[in-house]
Enquirer: 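Sending over a structure as structure tokens; questions will come in a sec.
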Amino acid sequence: MPELPEVETVKRELTQAIVGKKIDGVIINNAKVIRQNNPKDFLEGLKGLSVKGVLRKGKLLIIELSNGKALAIHLKMTGQLVYPGDGLKSRVSFKFSDGKFMDFRDQRLFGELCLVSNWKDLKFVKALGPEPFDLTQDKFRQMLLEKNSKIKTLLLDQSFVSGIGNLYAAEALFRAKIHPERKASSLAEKEASALLKEIKDTLSEAIKYKGSSIDQYVQLDGQRGEYVKFHKVYGRQGKPCLICKMPIKRISLGGRGTYFCPRCQK
DNA sequence: AATGGGACCTGCGCGC
DNA sequence: TGCGCGCAGGTCCCAT
């Protein structure tokens, strides 16, 4: 579910909400989401610590703790963080010393919580490619030239660029007028530039509107993200292209639903 | 190296 | 009304 804009939204709100607070206790309702050898170590390891800061790396949230360790949270498809929560219908709840709860909810149980000594050592973090906002047009163009995979599949590869997911890949490609099945290395310089620009613009706009709530994702306070209103292709199969009226097509690429306009995207 | 499939899970909407 | 199927914003792992 959540891609860069959604995770960034939660990160910003979380920073306001919990930095400086002390964790008094952890309620584990479903230990499956805790990727620790022993869930008890997770519980004991967090008790009494306070929150120093909140970071985002790609789609991963990192909550820095007062003893130098960190709580890494990946929301995967249906994870949610809600604050203040109620300690109910959550997989895991964190109780702060002021009595408020932060709830981790996750319908599908793909989400992962992990207490680590050094988040930079996580294999997942080490494998992440650059953040889209850190890329220059020249660098992006060079990266594309080295790849023969389909551009849409490549954008979803977190070791290539981090933070883009299925929804924003579709939106950015539409805006750049590039067909999702094009080989990355075949993009002309102008197309590569347009694509990077549209990636950055789409992500920025989505952050501005606090993300896209298709189904599960919500902001920290439980409200939905409003960017759905601005989607041009994602989930719109059969509906007219907003530019040329041609029905939006849905194909499967790498097992993911892929939406595009067969006329506008070359 | 790229691509395709399945796995991990739950729950929704659709057609019959 | 009920059932089976396909689908879902992510990632990992295996086979070809």
Side-chain angles (χ1 to χ4, degrees), chain A residues 1-11 29-35 56-61 72-81 89-92 104-114 122-129 132 143-174 180-186 199 202-203 205-207 209-219 224-238 249-259:
Chain A
M1 135 213 189
E3 305 179 30
L4 189 154
E6 289 75 32
V7 181
E8 178 64 20
T9 299
V10 172
K11 182 218 129 181
N29 295 315
N30 192 322
K32 188 166 194 339
V33 296
I34 295 170
R35 310 301 162 116
R56 177 189 62 74
K57 292 288 157 191
K59 301 170 194 170
L60 185 72
L61 273 171
I73 302 180
H74 202 304
L75 302 173
K76 292 285 180 82
M77 295 287 262
T78 55
Q80 305 174 325
L81 278 176
K89 38 173 199 178
S90 68
R91 303 304 191 177
V92 177
F104 174 77
R105 302 177 187 171
D106 188 8
Q107 178 187 96
R108 291 171 73 180
L109 296 170
F110 290 167
E112 302 190 10
L113 307 182
C114 190
L122 284 171
K123 203 166 76 182
F124 178 83
V125 171
K126 288 186 170 175
L128 287 175
M143 290 164 63
L144 290 178
L145 284 177
E146 291 166 14
K147 298 288 183 178
N148 288 314
S149 46
K150 293 172 181 168
I151 184 63
K152 158 88 173 351
T153 312
L154 189 60
L155 292 179
L156 295 185
D157 178 352
Q158 301 300 295
S159 67
F160 181 72
V161 170
S162 57
I164 301 173
N166 202 33
L167 192 161
Y168 294 106
E171 293 297 318
L173 284 168
F174 172 79
E181 293 186 287
R182 282 276 296 283
K183 295 275 181 187
S185 55
S186 80
I199 287 170
T202 307
L203 296 176
E205 287 165 31
I207 291 170
Y209 288 95
K210 314 279 173 86
S212 301
S213 291
I214 300 295
D215 181 20
Q216 294 286 316
Y217 162 76
V218 287
Q219 300 175 47
R224 298 171 65 77
E226 296 173 58
Y227 192 68
V228 211
K229 287 185 217 163
F230 303 95
H231 293 178
K232 295 181 167 68
V233 283
Y234 184 82
R236 294 192 66 246
Q237 74 272 29
K249 207 170 160 189
R250 179 190 183 280
I251 58 172
S252 181
L253 269 195
R256 320 298 305 280
T258 298
Y259 306 88

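Below, chains carry the letters A, B, ... as their sequence lines are ordered, and counting in each starts from 1. Computed from a predicted model, the values in this text were never measured in an experiment.
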Enquirer: To the nearest angstrom, how far is A:Arg250 atom CZ from C:dG6 atom C1'?
Expert: 9 Å
Enquirer: Among the candidates B:dT10, B:dT3, C:dG10, find the nucleotide nearest to the side-chain atoms of A:Asn166.
Expert: C:dG10
Enquirer: Hey, is A:Glu226 close enough to A:Lys210 for a salt bridge, meaning N to O under 4.0 Å?
Expert: no
Enquirer: Given A:Thr78, which partner from the list A:Leu109, A:Asp215, A:Asp106 fulfils the side-chain contact (heavy atoms from CB on, under 4.5 Å) test?
Expert: A:Asp106
Enquirer: What is the distance from CD of A:Gln216 to P of B:dC12, rounded to the nearest Å?
Expert: 9 Å
Enquirer: Whole-Å distance between B:dC8 P and A:Lys32 NZ?
Expert: 9 Å
Enquirer: B:dG4, B:dC9, C:dG9: which one has an atom nearest the side-chain heavy atoms of A:Lys150?
Expert: B:dG4
Enquirer: Across the strands shown, which category fits A:Phe124 at heavy-atom distances under 4.0 angstrom: base, sugar-phosphate, nothing?
Expert: sugar-phosphate
Enquirer: Heavy atoms from C-beta onward define the side chain here; which of C:dG9, B:dA2, C:dG10 lies closest to that of A:Leu167?
Expert: C:dG9
Enquirer: Between A:Leu155 (CG) and B:dT3 (C1'), how many Å, whole number?
Expert: 16 Å
Enquirer: When the P atoms of C:dG9 and B:dA2 are compared, how many Å lie between them, rounded to an integer?
Expert: 23 Å
Enquirer: Pick the C1' atom in B:dG6 and in C:dG6, then give their distance to the nearest Å.
Expert: 16 Å
Enquirer: Counting the atoms with a prime plus P, OP1 and OP2 as sugar-phosphate, which does A:Gly111 contact under 4.0 Å by heavy atoms, base, sugar-phosphate, or nothing?
Expert: nothing
Enquirer: A:Tyr259 side chain: which of C:dG10, B:dG11, C:dA8 is closest?
Expert: C:dA8
Enquirer: Identify which nucleotide among C:dG10, B:dT10, C:dG9 has an atom closest to any side-chain atom of A:Gln107, counting heavy atoms from C-beta outward.
Expert: B:dT10
Enquirer: With rounding to the closest Å, how many angstrom separate the C1' atoms on C:dG10 and B:dA1?
Expert: 22 Å
Enquirer: Taking the side chain of A:Lys147 as its heavy atoms from C-beta onward, which of B:dA2, C:dG10, B:dC9 lies nearest to it?
Expert: B:dA2
Enquirer: Just how far, in rounded Å, is P of B:dG11 from CD1 of A:Ile214?
Expert: 20 Å
Enquirer: Look at the side-chain N and O atoms of A:Gln158 and state whether any lies under 4.0 Å from the OP1 or OP2 oxygen of C:dT11.
Expert: yes
Enquirer: Sticking with atom P, work out how far C:dC3 lies from B:dC9, rounded to a whole angstrom.
Expert: 24 Å
Enquirer: With respect to the phosphate group of C:dT11, does any side-chain polar atom (N or O) of A:His74 fall under 4.0 Å of OP1 or OP2?
Expert: yes
Enquirer: Where the side chain of A:Lys76 is defined as all heavy atoms beyond and including C-beta, which of B:dC9, B:dG11, C:dG10 is the nearest nucleotide?
Expert: C:dG10
Enquirer: Taking only side-chain nitrogens and oxygens of A:Tyr234, does any of them come within less than 4.0 Å of OP1 or OP2 of C:dG9?
Expert: yes
Enquirer: On DNA chain B, nearest-nucleotide positions of A:Arg108 versus A:Asn148: which is more 5'?
Expert: A:Asn148
Enquirer: Kindly express the pairing pattern of DNA chain C in dot-bracket notation, using | wherever a base pairs with another strand and counting only Watson-Crick or G-U pairs under 3.5 Å.
Expert: .|||||||.|||||||
Enquirer: Which part of the nucleic acid does A:Thr153 contact within heavy-atom distance under 4.0 Å: base, sugar-phosphate only, or nothing?
Expert: nothing
Enquirer: Does the side chain of A:Leu203 reach to within under 4.5 Å of the side chain of A:Pro132, using non-hydrogen atoms?
Expert: yes
Enquirer: Please produce a list of atom pairs where a protein N or O lies less than 3.5 Å from an N or O of nucleotides 14-16 of chain C.
Expert:
none

Enquirer: Output the single nucleotide from B:dT3, C:dT11, B:dC9 whose closest atom is nearest the side chain of A:Lys183.
Expert: B:dT3
Enquirer: Considering only heavy atoms from C-beta outward, does the side chain of A:Leu155 approach that of A:Ile199 to under 4.5 Å?
Expert: yes
Enquirer: Calculate the interatomic distance between A:Arg256 atom CZ and C:dG10 atom P; express it in whole Å.
Expert: 5 Å
Enquirer: From the list B:dG4, C:dT11, C:dA8, which nucleotide is the closest neighbour of the side chain of A:Lys59?
Expert: C:dT11
Enquirer: Taking NZ in A:Lys232 as the centre, count heavy atoms belonging to other residues, nucleotides or ligands within less than 6.0 Å. Is the count above 12?
Expert: yes
Enquirer: Using whole Å, report how far NZ of A:Lys123 lies from C1' of C:dT11.
Expert: 12 Å
Enquirer: With heavy atoms under 4.0 Å as the rule, sort A:Gly255 into base, sugar-phosphate or nothing.
Expert: nothing
Enquirer: Using a cut-off of 4.0 Å on non-hydrogen atoms, how would the nucleic acid contact of A:Glu112 be classed: base, sugar-phosphate, or nothing?
Expert: nothing
Enquirer: So, do A:Phe104 and A:Leu113 sit near enough that their side-chain heavy atoms are less than 4.5 Å apart?
Expert: yes
Enquirer: A:Phe110 on top of B:dC8's base, within under 5.5 Å and under 30°?
Expert: yes
